[in-house]
2 protein chains.
Amino acid sequence: MISKKSKYALNALVHLARQYGEGPILISTIAEEENIPQKFLETILLDLKNSGILGSKKGKGGGYYLRKKPEEVNIAQVLRLFDGAIALLPCVTFRFYERCEECKDEDTCSIREAFLKVRNESVRIFKNETLKTLVEREKVLLKKKRKK
Amino acid sequence: MISKKSKYALNALVHLARQYGEGPILISTIAEEENIPQKFLETILLDLKNSGILGSKKGKGGGYYLRKKPEEVNIAQVLRLFDGAIALLPCVTFRFYERCEECKDEDTCSIREAFLKVRNESVRIFKNETLKTLVEREKVLLKKKRKK
DNA sequence: ATTAAGCCTATCGGAATTATAGACTAATTG
DNA sequence: CAATTAGTCTATAATTCCGATAGGCTTAAT
């Protein structure tokens with residue numbers, strides 16, 4: 001399971017992507033509309049800002065906004081920022097690599113190979129899922145629902 | 001990341017699968033050879049027994065053995081037993097389903113769809129990875145290594 | 001009866017997660 | 001330039017989960 005942080009971050013980012021280019025949005029607005037505890041959301045948005053994805057403006061008329069284009073931000077980036085590796089075993093990640101303590105020989109570990117397959121597929125899918133595709137899909141889903 | 005329990009369980013199961021049909025194996029043997037804390041391993045093997053995957057014999061000459069055939073036990077089963085859902089969001093699993101608290105409308109959640117794709121691929125891969133294929137792959141990897 | 005081995009219950013320490021409080025800083029506006 | 005608005009920083013509380021251990025109980029073989 002991913003952390004609440006990652007989930008909240010994704011919801012906040014999609015919220016911002018919906019209004020991309022329309023100026024800063026208040027933390028309090030995002031918090032209310034997305035049902036996220038405001039103080040918690042503050043730390044999350046700060047992290048996103050420090051990683052270069054978001055920008056902020058202080059004072060009246062301030063708030064947060066997307067600094068990158070929606071198509072340049074994908075789910076993999078967000079998960080890695082808040083939850084670390086996407087892989088399910090430390091020995092199958094590249095940037096968060098760690099040896100499994102109990103493992104006798106990584107080179108002949110068949111379990112490792114199985115988890116490597118899953119990691120590679122997951123990363124591939126998550127990289128294709130950008131804020132742009134998410135917002136677009138949302139629209140499609142909305143239309144479908146209205147027809148019912 | 002998966003829990004140590006799942007990882008230890010998989011290592012223990014592969015160990016038992018290597019000697020499938022050759023009678024019970026001591027907890028202490030598995031613990032030593034697979035570098036697993038024995039007391040911890042006891043609880044794990046019990047869970048595997050209660051789920052029907054393993055059988056046990058008490059007393060002298062006792063130990064644990066595979067009750068199911070190696071090709072009938074896959075990684076998905078093991079992960080679900082110890083870590084619950086394979087999905088990364090509670091709203092994309094079937095047997096462990098829970099609504100995301102903050103979610104306004106599941107039907108139009110584009111994030112949900114993205115995570116559903118990942119879940120489906122992961123489950124597909126994990127179901128294909130059985131104790132049989134793991135043991136076989138191990139042999140292949142060993143041969144490859146010896147050639148070097 | 002003795003001994004070997006798995007079974008059961010309880011519990012502990014530590015880490016991570018989720019969340020909150022409160023003071024501080026920067027920018028806007030009248 | 002004072003007042004207000006809104007993001008930033010530091011600290012810490014509350015919970016939950018995980019990995020691990022202890023110790024006694026039960027069962028089966030010899």
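We name chains A, B, ... by the order of the sequence lines, and we start the count at 1 in each one.
The OH atom of B:Tyr65 sits 16 Å away from the P atom of C:dA5 (whole-angstrom rounding). We find that CD1 of B:Ile44 is positioned 15 Å from C1' of C:dG6, with the value rounded to whole Å. In this entry the distance linking CG of B:Leu26 with P of D:dA29 reads 14 Å, nearest Å. Protein atom CE of A:Met1 is 12 Å distant from nucleotide atom P of D:dC18, rounded to whole Å. One interatomic measurement links the two molecules: CD1 of A:Ile25 to P of D:dA6, which rounds to 14 Å at whole-angstrom precision. Atom CG of A:Leu48 and atom P of D:dG7 are 14 Å apart (whole Å). Taking atom CG on B:Asp47 and atom P on C:dG6, their separation rounds to 16 Å, with Å as the unit. Here the C1' atom of nucleotide D:dG19 and the CG atom of B:Leu46 are 17 Å apart, to the nearest Å.
Residue contacts for B:Ile27: at a heavy-atom cut-off of 4.0 Å it reaches the sugar-phosphate backbone alone, with no base atom in range. Residue-level contact check: B:Leu45 touches neither bases nor backbone, having no heavy atom under 4.0 Å from any strand.
Partners of B:Phe40 under the ring pair (Phe, Tyr, Trp, His ring centres under 6.0 Å) rule, at least two apart in sequence or in another chain, are B:Tyr8.
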What protein N or O atoms touch nucleotides 15-18 of chain C N or O atoms at under 3.5 angstrom, if any, and at what distances?
from	atom 1	to	atom 2	distance (Å)
C:dT18	OP1	A:Lys4	N	3.2
C:dT18	OP2	A:Lys4	N	3.3

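The closest donor-acceptor contact from the side chain of A:Arg137 to the backbone of B:Ser110 lies under 3.5 Å. Checked by atom type and distance alone, the side chain of A:Arg124 never pairs as donor or acceptor with a backbone atom of A:Asn128 at under 3.5 Å. No donor-acceptor pair closer than 3.5 Å links the side chain of A:Thr133 to the backbone N or O of A:Glu129.
Between B:Ser3 and B:Asp83, the side chains place a donor N or O and an acceptor N or O closer than 3.5 Å (distance only, hydrogens not considered). Side-chain polar atoms of B:Glu101 and A:Asn35 form no donor-acceptor pair below 3.5 angstrom.
Between A:Glu34 and A:Arg18 a salt bridge is recorded (basic side-chain N to carboxylate O distance below 4.0 Å).
Each of A:Leu41 and B:Lys49 has a nearest nucleotide on DNA chain C; the 5'-most of these lies closest to B:Lys49.
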Evaluate the criterion salt bridge (charged side-chain N to carboxylate O under 4.0 Å, His left out) for residue pair A:Glu106 and A:Arg99; output intermediate values, then yes/no.
-> CA-CA 8 Å; A:Glu106 205 168 83; A:Arg99 216 181 136 275; 5.4 Å; no
What string of B, S and - do you get for nucleotides 22-30 of chain C, 5' to 3', when a contact is any protein heavy atom under 4.0 Å?
-> B--BSBS--
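Between A:Tyr20 and A:Tyr65, the gap from one ring centroid to the other reaches at least 6.0 Å.
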